[in-house]
Amino acid sequence: MTPEAVDHELPAEEKRHHVLSVLVENKAGVLSRVAGLFSRRGFNIFSLAVAPTDDSHRFSRITIVVDAASAPLEQIVNQLDKLINVVEISHVNEHQVVERELLLASITVPTDQMATAISLCANFDAEVVDAGAGEITVMLADHPDKINAFQELLSGYTVDQLHRTGLVALPKLITQ
Amino acid sequence: MEITGAQALIKSLEEQGTDVIFGLPGGAILPVYDPILDSSIRHILVRHEQGAGHMAEGYALATGRPGVAMVTSGPGATNIVTPLANAYMDSTPLVVVSGQVSRAAIGTDAFQECDITGVTSGITKHNWLVTDANDLPRIVAEAFHVATTGRPGPVLIDVPKDVAQSMMTWNGPATEADLDLPGYRPTKGVDHEVIAQAIAMILEAKRPVLYVGGGVLQGNASAALRALAERLGVPVVTTLMARGAFPDTHPQHLGMPGMHGHYTAIMAIQRADLLVSLGARFDDRVTGKLDGFAPVAKIIHLDVDRAEHGKVRRPDLSIVANASEAVPALAEAAASVTPSDLRAWWDELHGYQAKHPLAYDPIDGNGLLKPQMVVETLNALAPAGTIVASGVGQHQMWASQYWQFEEPRTWINSGGAGTMGFAVPSAIGAKVGRPDRTVWAIDGDGCFQMTAQELVTARAEGIPIKVAILNNAYLGMVRQWQEMFYEERYSEVYLSPDLPNYVQWAEAMGCVGIRVDDPADVASAIERANSIDDRPVVIDFRTDASEKVFPMVPAGATNDEVLVHPSQRLHS
């Protein structure tokens, strides 16, 4: 599959997941409170990424992708908001947001196919970040849809290890 | 001033207005027990930490002030997990202080170590593990603030032993400005446009019902509720959590809705074209099968907790506000409108009342007491303002049905969690909070056996509660279900009326023990109990195990399928 063939719209996919950007106090146990709430209330987490914000002493940001079928969005947001350490929740609308995810994968490539593999990676703007005997580790940081397409392409090779970070997101900037 | 963390903790509790702590010491909490000797706070030494938790709940429910309990680490803390879960379900404000092993030992499986903040994170509104003694004044202030504002609930402060022992700088109590709760914004204020819309919807309705829940009691809004109801002439139902929020003797009161509610209260909801939920949460024990609940009603939902709106039933109008502010606002708005004519609605409701009042069989050949008659007699002979606590099961439903509740905070019970054994300790806590009141625990024999040892506490601490055991020798509610839905196959529900010997047990615990078998002795035994004020009294009423609680909405059925008392079924 070439990058051009990727359908970036994927309307069915949009409805299946909600993306929440949650500002939390940077305190011990906060992640466990958030995860505990989700399991207790039967909300399914698709992916979750946590890291400190610029005000790293006080706040972290959790980006949660939730299975939309498991509960109404309003219930998830309202229950999450009741956690004392949760400061702010934004529901990320896919059209008004910049979303990125990072993929790392180690793949075994026969020597005679190595050049093709590397050029396929280049088509995706993926980087080769490590190389061994008959094996390379590639990295792609991009929109999750493009990551999906890239992952599918990699499945044509022997994938030894593959790791995705889960999604992070920020609102789109206003351009006049 | 340099003081220990333990001293700072006790001083901070004093500053929050704590007058009593229910607790039991142990290794990790030892340092905190030392300054209690020098404190103005009364400590009540319980016999089991579960008792401390339920006492704190009873105190909170009877007074409206947060209950405070203190326990040690590990098993001390896990023993209070059930009260925390109970208080969380019923939104009761509690502050529990637990000891923890020293900071360096946390995570090493130390003696009596338990990750109690982890264990209780799903059953507290919030909890704190204190890592620096200097944080104690602020954390205690935050704990009381969180427990008592917005939708109230239990909180827990876990204090490692070395934090309690270490020195800190006391700069006076924490003020509101010291609170560090950037994510906590309890609901405040009322949107008067929404209030006006609500009143307009009530005026348009032909068959409105005020569906009143525990939030009205929490918000001390009973007087405003009465003004609102009387002004608009709208019928009122009060849930199990709201008994006493509106007088039972009031002609507009239809009683309790739900699985064992009053027939008229149940049918009023089923027939309503507008249900005005005030601080109630559409609990499954009220709604029955959800898609058949109040099938033609529009919904106005007033609740302080935004997450309750639309959780179970989508409201047509949401009022996100505290009942303490919103019910008075509704009453005020109602005062200037012309009430609509609800005579046809009342005629219908009066028809239900005439056809299906509460009913039970007269005493039959076996001569055993009818539990409903015992509750009625207790009620008839009770001094004004008596507070009633109950456990969970048939006796709880009969207490709710047959006691006439006339004022707020006179009914202490475990609603959401359904915690057996709640009656004795919660009655003790209520009596501590309201020593001026007579406090009766109406209990079952199964429940009594779970927490009766706290009567030792009651006797030792001079807390003269009274306990009426409706002793049918069974786990009665389970027996009722097995009789009705499991073809009378009674599995593990028989308890024996004589083992234990309740009179001897009561006397061994320093109480007066009385046994009543003969219906003719019921009133005199109750009068004797009411006249004793220097120690607890326990009456063992031998009741008829064949009595079942009616009305009953079977599990999974809609409220329209309510089973009335068998004597009324021929007429229906």
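Reminder, nothing fancy here: chain letters follow the sequence lines and each chain counts from 1. The basis for the numbers below is simple: all heavy atoms, side chains too, and nothing from hydrogens, waters or symmetry mates.
More than 12 heavy atoms of other residues, nucleotides or ligands shown are found within 6.0 angstrom of CZ on R61(A).
The backbone N or O of K161(B) lies less than 3.5 Å from no partner atom in the side chain of Q100(B), so there is not a single donor-acceptor pair.
A salt bridge links R138(B) with D135(B): the closest approach of a Lys/Arg side-chain nitrogen to an acidic carboxylate oxygen falls below 4.0 angstrom.
For D180(B), the parts lying near chain A are the backbone and the side chain together; criterion is any non-hydrogen pair under 4.5 Å. Both the backbone and the side chain of N127(B) come within contact range of chain A, with heavy atoms under 4.5 Å apart. Using a 4.5 Å cut-off between heavy atoms, Q79(A) contacts chain B through both its backbone and its side chain.
Among V87(A), I84(A), L80(A), the residue with the largest count of heavy-atom pairs under 4.5 Å with chain B is I84(A).
The ring of Y184(B) has its center no closer than 6.0 angstrom to the ring center of H126(B).
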